[in-house]
Amino acid sequence: MNGTHYRVLSVNKTVKTPAGTFRHVIEIKDSEKLYYYFAPNVGLILKVDDNGKNPKRVFELKKIN
């Protein structure tokens, strides 16, 4: 999309956010060093920017209603 390339790195990650621990998470990395984490039946739970020295969480799911 728009020159950005996406690669699936894992389909079985366990990821913790303030909303809880999610299993069987899909991890996707794009060509701009952004990582996206999608949990089954929830959607996007975490986005990490790894462009600098320290990876930074730019979005994380806080709560599920």
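Since this is a predicted model, take the numbers as computed values, not measurements.
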What's the separation between atom CD1 in Ile28 and atom CZ in Arg7, rounded to the nearest 0.5 Å? 12.0 Å
Treat each ILVMFWY residue as a node, draw an edge where side-chain heavy atoms are under 4.5 Å apart, and state whether Leu9 and Tyr6 are in one component. no
What heavy-atom pair brings Ile45 and Thr17 nearest, and what distance separates the two atoms? O-CG2, 3.6 Å
Could you tell me which non-hydrogen atom of Gly3 sits nearest to which non-hydrogen atom of Ser31, and how far apart they are? O-OG, 4.2 Å
Identify whether Val11 and Leu44 are in the same connected component of the hydrophobic contact network (ILVMFWY, side-chain heavy atoms under 4.5 Å). yes
Quick one, Tyr37 and Phe22 - any side-chain contact, counting heavy atoms below 4.5 Å? no
Path from Val8 to Phe38 over hydrophobic side-chain contacts below 4.5 Å: yes
Hey, could you give me the NZ/CG distance between Lys16 and Leu46, rounded to the nearest 0.5 Å? 13.5 Å
Name every donor-acceptor pair, under 3.5 Å, that has one atom in a side chain of residues 58-65 and the other anywhere in the protein, sequence neighbours excluded.
| residue | atom | partner | partner atom | Å |
| --- | --- | --- | --- | --- |
| Glu60 | OE1 | Arg57 | NH1 | 2.6 |
| Glu60 | OE2 | Lys62 | NZ | 3.4 |

Minimum heavy-atom separation for Val48 and Pro55, please, with both atom names. CG1-CB, 3.9 Å
